[in-house]
Amino acid sequence: MQVLTEINDDLARLTQDARNIAVITGAGFSAESGVPTFREAQTGLWERFSAQDLATTDAFYTAPALVWTWYRWRQSLIQQVEPNPGHTALADWQRWLAGRGGELSIATQNVDDLHERAGAQVLAHLHGSIFEHRCAECGVAAELPDPDYDGFQAPPEPEEPPLCADCGAHIRPGVVWFGEMLPMEAFEAAAAAIRKADLVIVAGTSGIVQPAASLPLLALERGTPLIEVNPEPTELSDAMDFCLRGPSGDLLPALAAAAGAR
Ligand code: APR
């Protein structure tokens, strides 16, 4: 395994030869856009809690207003920030490869829409979407107006989640909470993309949250080259061929350029 802070010839050749790339992204990929990752301390109403405390079914049933307001605040924050150069580099690389009969697929753990807003197609949102809402009991989808918070200021008071028009239960965000099953279709699509890939890139994830963290191991089993992009070592680093240590907002544009996509 090579640990690098910039692209070397071996890595450049690998990206130039790749025709079928599977990319997995995590919270760190959106960090440079201003979306806090799950390892960062919470602020305001939520400073006494970790993200893991808040992102659970138990927390929603125990403190629905606190959890609901946290997701509506994150939603408004996401709506007020922009995709970063990492997002746009992937979108360009995806378009460039498609124009040459190749493919770049994106499976993300992120519940934001920054890949799409950068112009990329996302194959799988493994942990759902913060823009979708449904009844916590009967599961009926709910259309809601956008939150009118200032995303950069935590709201002063928690607000109660709205109620389901069908059964009167609380509406919840359409994200996957800790301990909940992933949408199987998304997981299977991501696994299939990795099985047929000739290069796998894992960017901005700590590799802690299962089962998403097991996806790169499908590439390891097949001897498919693996690149990690992360300023820090992760649970997955030992499985990698190349660990690019630095922010994805700098290194993905460099990788796309090395491949000739820019
Ligand atoms: N570029 C690349 N990586 C970065 C950057 C950056 N600019 N900044 C931080 N990182 C890395 C961190 O070093 C860390 O390894 O991003 C990773 C973020 O880790 P987590 O917060 O654990 O995010 P993730 O791996 O996506 O797991 C969180 O679990 O809570 C659930 O559904 C939630 O999708 C979420 C998942």
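Just so you know, ligand 1 is whichever comes first in the structure, and atom 1 is the first atom listed for that ligand.
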Arg195 side chain to Leu218 backbone, donor-acceptor under 3.5 Å: no
N/O donor-acceptor pair under 3.5 Å between Glu32 side chain and Gly249 backbone: yes
Considering only heavy atoms, which of Pro233, Ser30, Ala27, Gly28 lies nearest to atom 10 (N) of ligand 1? Gly28
If the contact criterion is a heavy-atom separation under 4.0 Å, does Pro231 count as touching ligand 1? yes
May I ask whether Asn230 places a heavy atom under 4.0 Å from ligand 1? yes
Give the numbers and elements of all ligand 1 atoms closer than 4.0 Å to a heavy atom of [X].
| X | value |
| --- | --- |
| Ser248 | 1 (N), 2 (C), 6 (C) |
| Pro247 | 1 (N), 6 (C), 7 (N) |
| Glu32 | 1 (N), 6 (C), 7 (N) |
| His127 | 32 (O), 33 (C), 34 (O), 35 (C), 36 (C) |
| Gly26 | 26 (O) |
| Ser206 | 15 (O), 17 (C), 19 (O), 20 (P), 22 (O), 25 (O) |

Any N or O on [X] sitting closer than 3.5 Å to an N or O of ligand 1?
| X | value |
| --- | --- |
| Phe178 | no |
| Glu232 | no |
| Gln109 | yes |
| Gly204 | yes |

Are there more than 12 heavy atoms of other residues, nucleotides or ligands under 6.0 Å from atom [atom1] of [X]?
| X | atom1 | value |
| --- | --- | --- |
| Glu221 | CD | yes |
| Glu159 | CD | yes |
| Met184 | CE | yes |

Check whether NZ of the Lys or CZ of the Arg Arg74 lies under 6.0 Å from the centre of the six-membered ring of Trp70 and within 45 degrees of that ring's axis. yes
Please determine whether a side-chain nitrogen of the Lys or Arg among Glu180 and Arg172 lies less than 4.0 Å from a carboxylate oxygen of the Asp or Glu. yes
Below 4.0 Å, non-hydrogen atoms only: which portion of Val209 touches ligand 1? Side chain, backbone, both or neither. side chain
Would you call the rings of Phe29 and His87 parallel, tilted or perpendicular if under 30° counts as parallel and over 60° as perpendicular? perpendicular
Report yes if the side chains of Leu244 and Leu11 come closer than 4.5 Å at any heavy-atom pair, otherwise no. yes
